[in-house]
A.B. asks: 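Following this message is one structure expressed as structure tokens.
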Amino acid sequence: MNREYHRWYSPRLHRDMELLVFGHAGAKVLVFPTRDGRFYEYENLRIVQSIADKIKDGHLQLYCVEGLADETFYCWWRQPADRIKRYLQYEDYLLHEVLPFMADRNPHPCTISHGCSLGAFYAANFAFRHPHLFQKLSAFSGRYDLTLNIEHFGNLFDGYYDENIYFNTPNHYLPNLECQWRLDALRKMDIILVIGKDDPFLDNNRQLSHILWGKGVWNALHEWDGRAHQGRYWRQMAPLYL
């Protein structure tokens, strides 16, 4: 299997950024890590191994990026307004550095946004905000409203709310989305959401699925037994939904 390590200085983030590439051809998969994960997490969790045949056969090519959770949503020393602003800088890096890098290396017409846990939020929000850039979303064990207080998961903005938070909370902005070209792009996307029946964000996933259907956007919501929020479950999900 082709495996490549890349690192460059990002002028948008003012720091070095790293990523791993797996595979040589096929649909391009932008892979986001979990909250505490890094660009090598997908490999460490052996999810790469679980889809090795698809990668070796040239069906998928993975681009595993950093998530910067500790600089954005979980950066407690930053004010909430600055947490979301740092996330927007991260999105700018993805749009203007990572996606062009992917396109230069692989002309395949299909690009997939994918992640687990917090990575599922990254994947979904990025794809929903820029639906013309993606043909598929595959999100496992995600939370799509970071303002919720459920179990020990708190509001990641400490009760603060502004326009930037609104436009980066899928369950908030999608119900009011009326932009026709964005809706048309969403309706062309293959959207797959996977969540455990005991996951505290099951209702949040069901609500998101309902919102999408209300906009005429096809999506598949797969509910797994148990919490299904660990690497051993994601290793089973990846071959099925990627």
Side-chain angles (χ1 to χ4, degrees), residues 1-45 47-49 51-52 54-73 84-140 142 168 182 185-186 188-192 238 241-242:
M1 182 193 303
N2 178 60
R3 180 187 187 275
E4 304 170 19
Y5 167 79
H6 295 271
R7 176 176 180 153
W8 66 80
Y9 179 80
S10 168
R12 292 166 178 82
L13 293 171
H14 305 291
R15 55 162 287 173
D16 285 349
M17 292 295 287
E18 300 168 276
L19 61 81
L20 284 173
V21 180
F22 296 93
H24 61 281
K28 302 181 291 288
V29 187
L30 178 60
V31 182
F32 295 94
T34 66
R35 169 187 169 180
D36 296 322
R38 297 202 51 203
F39 66 98
Y40 46 77
E41 179 189 47
Y42 211 71
E43 180 180 37
N44 284 1
L45 290 176
I47 307 176
V48 173
Q49 180 181 330
I51 52 175
K54 292 186 178 183
I55 298 172
K56 292 176 184 176
D57 292 342
H59 298 303
L60 296 175
Q61 185 181 45
L62 312 183
Y63 291 80
C64 302
V65 297
E66 291 279 18
L68 298 192
D70 60 348
E71 295 185 22
T72 56
F73 305 123
I84 193 68
K85 288 177 182 176
R86 183 59 171 168
Y87 169 77
L88 290 173
Q89 291 175 335
Y90 173 65
E91 184 184 77
D92 203 37
Y93 153 76
L94 295 169
L95 281 172
H96 300 290
E97 298 181 47
V98 175
L99 288 183
F101 172 78
M102 294 166 63
D104 287 344
R105 298 180 60 81
N106 184 344
H108 197 283
C110 179
T111 303
I112 302 169
S113 190
H114 171 54
C116 307
S117 194
L118 184 64
F121 165 83
Y122 280 119
N125 188 50
F126 194 41
F128 293 151
R129 282 168 56 84
H130 307 282
H132 61 297
L133 300 177
F134 296 94
Q135 287 66 51
K136 183 174 180 178
L137 165 66
S138 189
F140 304 163
N168 285 279
R182 292 179 188 274
L186 281 170
K188 295 175 184 176
M189 194 185 303
D190 184 10
I191 299 174
I192 299 175
Y241 305 122
L242 277 180

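No experiment lies behind these values; they were computed from the predicted model shown.
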A.B. asks: State whether the side chain of Asp190 and the backbone N or O of Lys136 hold a donor-acceptor pair below 3.5 Å, judged by distance alone.
C.D. replies: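 Checking the backbone N and O of Lys136 against the side chain of Asp190, no donor-acceptor pair under 3.5 Å is found.
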A.B. asks: Do Val31 and Phe39 have side-chain heavy atoms sitting under 4.5 Å apart?
C.D. replies: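 The answer is no, as the side chains (C-beta and beyond) never meet within the 4.5 Å cut-off.
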A.B. asks: Between atom CD1 of Ile192 and atom CZ of Phe140, what is the distance when rounded to the nearest 0.5 Å?
C.D. replies: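 These two atoms lie 7.5 Å from each other.
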A.B. asks: Measuring from atom CD1 of Ile191 to atom CZ of Phe128, what distance do you get when rounded to the nearest 0.5 angstrom?
C.D. replies: 4.5 Å
A.B. asks: Can the ring centroids of Phe32 and Phe121 be said to lie less than 6.0 angstrom from one another?
C.D. replies: no
A.B. asks: Once rounded to the nearest 0.5 Å, what's the spacing between atom SG of Cys64 and atom CZ of Arg38?
C.D. replies: 13.0 Å
A.B. asks: Nearest heavy-atom pair of Gly67 and Pro33: which atoms, and what distance?
C.D. replies: N-CG, 3.5 Å
A.B. asks: Calculate, to the nearest 0.5 Å, the distance between atoms CD1 and CD belonging to Ile84 and Gln89 respectively.
C.D. replies: 11.5 Å
A.B. asks: Taking the side chain as everything from C-beta on, heavy atoms only, tell me whether Val98 gets closer than 4.5 Å to Val65.
C.D. replies: yes
A.B. asks: Looking at side-chain heavy atoms only, is the closest gap between Leu13 and Leu68 below 4.5 Å?
C.D. replies: yes
A.B. asks: Between Asn168 and Arg129, do the side chains contain a donor N or O and an acceptor N or O under 3.5 Å apart?
C.D. replies: yes
A.B. asks: Is the Phe134-His130 ring centre distance short of 6.0 angstrom?
C.D. replies: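 No: the rings miss the under 6.0 Å criterion.
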A.B. asks: According to the interplanar angle, ranging from 0 to 90°, do the rings of Phe101 and Trp8 count as parallel (below 30°), tilted (30 to 60°) or perpendicular (above 60°)?
C.D. replies: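 Rings of Phe101 and Trp8: tilted, as their planes differ by 30° to 60°.
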A.B. asks: Step by step, would you call Tyr9 with His14 a side-chain contact (heavy atoms from CB on, under 4.5 Å)?
C.D. replies: CA-CA 7 Å; Tyr9 179 80; His14 305 291; 3.6 Å; yes
A.B. asks: So do Val48 and Met1 actually touch side chain to side chain, heavy atoms under 4.5 Å?
C.D. replies: yes
A.B. asks: Does His59 offer a backbone N or O that forms a donor-acceptor pair with the side chain of Asp57 under 3.5 Å?
C.D. replies: no
A.B. asks: So which atom in Gly115 and which in Ala123 form the shortest heavy-atom distance, rounded to 0.1 Å?
C.D. replies: N-CB, 3.8 Å
A.B. asks: Using 0.5 Å steps for rounding, measure from the CD atom of Glu91 to the NE2 atom of His96.
C.D. replies: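 Interatomic distance, Glu91 CD to His96 NE2, rounded to 0.5 Å: 8.5 Å.
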A.B. asks: Would you call Leu20 and Arg3 a side-chain contact if the rule is heavy atoms closer than 4.5 Å?
C.D. replies: yes
A.B. asks: Ignoring hydrogens and angles, state whether a donor on the side chain of Gln61 or Tyr63 is under 3.5 Å from an acceptor on the partner side chain.
C.D. replies: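 Yes, Tyr63 and Gln61 have a side-chain donor paired with an acceptor closer than 3.5 Å.
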A.B. asks: Which residue pairs pass the salt bridge (charged side-chain N to carboxylate O under 4.0 Å, His left out) test when at least one of the two sits in residues 104-116, sequence neighbours left out?
C.D. replies: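 Matches after skipping sequence neighbours: Glu4-Arg105.
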A.B. asks: If you take all heavy atoms of Leu95 and Leu99, which pair is closest and at what distance?
C.D. replies: O-CB, 3.9 Å
A.B. asks: Is the backbone N or O of Met189 less than 3.5 Å from a side-chain atom of Gln135, with the two atoms forming a donor-acceptor pair by type?
C.D. replies: no
A.B. asks: Does Lys28 reach the main-chain N or O of Ala103 with its side chain, forming a donor-acceptor pair under 3.5 Å?
C.D. replies: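 Not at all, since once roles are kept as given, no pair shorter than 3.5 Å links the two residues.
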A.B. asks: If the test is side-chain contact (heavy atoms from CB on, under 4.5 Å), which one of Glu66, Arg15, Met17 qualifies with Tyr93?
C.D. replies: Met17
A.B. asks: Check whether the side chains of Ser10 and Tyr90 place a donor and an acceptor atom closer than 3.5 Å, and report yes or no.
C.D. replies: no
A.B. asks: List the atom of Ala69, the atom of Leu118, and the distance in Å for their closest heavy-atom pair.
C.D. replies: CB-CD2, 3.7 Å
A.B. asks: Verify, without hydrogens or angle tests, whether Ser138 (side chain) and Tyr241 (backbone) share a donor-acceptor contact under 3.5 angstrom.
C.D. replies: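 Yes, the answer is positive, given that a donor and an acceptor are paired below the 3.5 Å cut-off.
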A.B. asks: Can you check whether Ile55 reaches Leu62 side chain to side chain, under 4.5 Å on heavy atoms?
C.D. replies: yes
A.B. asks: If you compare all heavy atoms of Thr34 against all heavy atoms of Ser117, which two are closest, and at what distance to 0.1 Å?
C.D. replies: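 It is CG2-CB, 3.9 Å.
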A.B. asks: If we only count heavy atoms from C-beta on, is the His132 to Arg182 side-chain gap below 4.5 Å?
C.D. replies: no
A.B. asks: May I ask you to test the Pro11-Glu97 pair for a side-chain heavy-atom distance under 4.5 Å?
C.D. replies: yes
A.B. asks: Donor-acceptor pair, distance only, cut-off 3.5 Å: does the side chain of His114 make one with the backbone of Leu30?
C.D. replies: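 Checking the backbone N and O of Leu30 against the side chain of His114, no donor-acceptor pair under 3.5 Å is found.
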A.B. asks: Does the ring center of Tyr122 lie less than 6.0 Å from the ring center of Tyr87?
C.D. replies: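 Ring centroids of Tyr122 and Tyr87 are less than 6.0 Å from each other.
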A.B. asks: Closest heavy-atom contact between Ile112 and Ala27?
C.D. replies: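 Scanning both residues completely, I find the closest heavy atoms to be CD1-CB, 4.0 Å.
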